[in-house]
Amino acid sequence: MMLGYPLARVGVSTIVLEKHADFLRDFRGDTVHPSTMQVLADVGLLEKFEQLPQRRVDQLGVMISGRLHDLVDFRRLKPFDHLSLVPQWDFLDLLATEGRRLPNFDLRMRHEAVGLVEEQGRIEGVRAKSPEGNYDIRADIVVACDGRGSTLRDAAGFHAVDYGAPMDVLWFRLPRVGDDPEDTFAILGAGHMMVLLNRNDYWQAAYFVPKGSDTALRGRPIEELLASVSTMAPLLADCTDSIISWDDVKTLEVRVNRLQRWHRPGFLVIGDAAHAMSPIGGVGINLAIQDAVAAANELAPALLSGDVIDEALLGRIQKRRQLPTKLTQAVQLQVQKRLISAVLAPSSEPPQIPALLRWLLGFQRVRRVPARLIGYGFRRERVRESLALS
């Protein structure tokens, strides 16, 4: 929808297929970063976005042995100096509502892309499944935005290179009480790691476990997990009884992968379908939106002029977005290797921040370095003026 909205604003007939009837699903990855806020400002949606229920976060920290250390400081970043934790269904509803105001934006709910229409080596459209039956949609360009398990990517014969991850993540909610910290922070313990996202009236908890251990964990009593949570975060000890069973705990299978080639004639892959990101930094949604902006900037002029979308144009989109993807994943892989693998290794002692690093983190300028990387990334995309001001 972030690709379709600016295209439709300048007169490009755009169809967006969504296989579900609504957006009311627990996405968990609900961080909207400054790079995305800039895009929303470019297309005139920032004011409406800011009216959505959200939690603004201007610092991130880590708690070790009960002591909270500041690690990331978004304050003084410009033009946006915070992250926003926004229910993703609200964000998607906003885009859907505003998109439907445009005559060229056709959002089809409960319509699932299940295959590709190919003629003489060129992708000419998609095969769709809907409550009314199956049908084909012809298009000048098909863009696969269908996530880590992309049906269209597989149909095109693309295969991602996997770079591995040492962990999976268990997601669950716990209620917040009046004297809980206001921060959003990670907790490092002996052999354990957890992240707590402050969502105003509840904590969204991400509990890291060794890769592939989910099945064995779910074969044990849920009380073992809750006891570990209480030990790591005593502030949660009195509210873990809100977790009744393993049904209240969802598992994110962490993947870090990337396509070597993102396009074929008439076909482009972006977002998680092109590059699954580690949850480190919560950058996945925002990197996908940056892909969408880069694609819109290149595609709009060609589509409006009636030109055939050739491989050279699609290659420019991949080239522009591949470098920031590689750099971001390289950072994530180093954090996984040097921090998360070490923390999750069996140990009787919690990890410690080296004294020199702890001293450096006392300076706001140092804490702003990871803030800029997380908030704006390696190559910030802006919607071209011809699309933004139409």
Side-chain angles (χ1 to χ4, degrees), residues 28-29 31 60-72 148 161-174 181 183-198 203-237 240 243 246 248-258 276-284 328-355 357-358 361 370 373-374:
R28 298 176 293 280
T31 55
L60 300 173
V62 60
M63 182 176 288
I64 302 175
S65 301
R67 181 181 175 184
L68 188 61
H69 305 268
D70 293 331
L71 287 184
V72 182
R148 300 191 309 164
V161 176
D162 184 48
Y163 297 98
M167 76 292 193
D168 293 319
V169 179
L170 306 182
W171 287 92
F172 49 90
R173 295 183 181 189
L174 292 170
D183 306 83
T184 286
F185 56 96
I187 304 174
L188 305 185
H192 300 284
M193 178 176 178
M194 182 167 59
V195 175
L196 294 179
L197 305 177
N198 180 353
W203 292 108
Q204 179 73 65
Y207 185 93
F208 288 64
V209 299
K211 168 64 71 176
S213 64
D214 179 65
T215 300
L217 287 171
R218 290 178 180 272
R220 295 154 67 177
I222 187 67
E223 288 76 16
E224 292 188 19
L225 171 65
L226 302 183
S228 175
V229 170
S230 297
T231 299
M232 290 181 66
L235 65 97
L236 302 176
T240 56
I243 304 294
W246 283 105
D248 299 319
V249 180
K250 309 302 179 184
T251 302
L252 169 66
E253 180 187 348
V254 176
R255 302 178 195 168
V256 183
N257 62 40
R258 184 172 67 246
M277 309 300 292
S278 169
I280 295 167
V283 298
T328 304
Q329 287 182 330
V331 172
Q332 292 182 328
L333 291 171
Q334 286 300 310
V335 174
Q336 287 182 173
K337 177 181 178 181
R338 298 182 180 277
L339 174 64
I340 296 177
S341 292
V343 170
L344 294 182
S347 172
S348 59
E349 296 293 333
Q352 298 296 324
I353 299 177
L357 178 58
R358 190 166 58 247
L361 289 171
L373 173 61
I374 292 171

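No hydrogens, no waters, no symmetry mates; every other heavy atom, side chains included, goes into these values. Small disclaimer: the values here were computed from a predicted structure and weren't measured.
- Taking OG1 of T328 as the reference point, atom CG of L333 lies at 10.5 Å (rounded to 0.5 Å).
- Between the side chain of Q332 and the backbone N or O of G281 there is no donor-acceptor pair closer than 3.5 Å.
- Side-chain atoms of L344 and P166, non-hydrogen and from C-beta on, never get closer than 4.5 Å to each other.
- Interatomic distance, I353 CD1 to I64 CD1, rounded to the nearest 0.5 Å: 4.0 Å.
- The salt bridge (charged side-chain N to carboxylate O under 4.0 Å, His left out) pairs that include a residue from residues 222-237 are R220-E224, where partners are two or more places apart or lie in different chains.
- Side-chain atoms of L68 and P181, non-hydrogen and from C-beta on, never get closer than 4.5 Å to each other.
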Stepwise side-chain contact (heavy atoms from CB on, under 4.5 Å) test for I280 and I340: CA-CA 10 Å; I280 295 167; I340 296 177; 3.7 Å; yes

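- Every residue was checked against the salt bridge (Lys or Arg N to Asp or Glu O under 4.0 Å) condition with R358, not counting sequence neighbours, and none meets it.
- Of the possible polar contacts, one joining the T184 side chain to the N198 backbone as a donor-acceptor pair under 3.5 Å is found.
- Residues forming a side chain to side chain contact (heavy atoms under 4.5 Å, CB included) with N257 (at least two apart in sequence, or on another chain): A160, D162, R255, A276.
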Using atom types as modelled, flag every donor-acceptor pair under 3.5 Å from a side chain in residues 205-212 to any protein atom, sequence neighbours excluded.
from, atom 1, to, atom 2, distance (Å)
Y207, OH, H192, ND1, 3.0
Y207, OH, S228, OG, 2.6
K211, NZ, D168, OD1, 2.7
K211, NZ, V254, O, 2.6

Worked check of side-chain contact (heavy atoms from CB on, under 4.5 Å) between D70 and L361: CA-CA 7 Å; D70 293 331; L361 289 171; over 6 Å; no

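- Listed here is the closest heavy atom pair of L225 and F172: CD2-CE2, 4.4 Å.
- With contacts defined as side-chain heavy-atom distances shorter than 4.5 Å, the pair L236/L196 qualifies.
- In this view, Q334 and R338 satisfy the side chain to side chain contact (heavy atoms under 4.5 Å, CB included) rule, not counting sequence neighbours.
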Derivation of the side-chain contact (heavy atoms from CB on, under 4.5 Å) call for V161 and R258: CA-CA 5 Å; V161 176; R258 184 172 67 246; 5.8 Å; no

Stepwise side-chain contact (heavy atoms from CB on, under 4.5 Å) check, V229 with L174: CA-CA 11 Å; V229 170; L174 292 170; 4.2 Å; yes

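- Within the 4.5 Å cutoff, the side chain of E253 has no heavy atoms near those of the D214 side chain.
- S230 is linked by a side chain to side chain contact (heavy atoms under 4.5 Å, CB included) to A237, T240, counting only residues two or more places apart in sequence or in another chain.
- Atom CD of residue Q352 and atom NE2 of residue H69 lie 7.0 Å apart, to the nearest 0.5 angstrom.
- Nearest approach of Q336 to S278, heavy atoms of both residues: OE1-OG, 3.1 Å.
- Proximity of L339 to L188: side-chain heavy atoms (C-beta onward) are separated by under 4.5 Å at one or more points.
- Under a 3.5 Å cut-off, the side chain of T31 and the backbone N or O of G282 do form a donor-acceptor pair.
- One distance of note links OG of S341 with CE of M193; it measures 11.0 Å at 0.5 Å rounding.
- Note: T231 OG1 to L226 CG = 10.5 Å, rounded to the nearest 0.5 Å.
- Note that CD1 of I222 and CH2 of W246 are 4.0 Å apart. Values are rounded to the nearest 0.5 Å.
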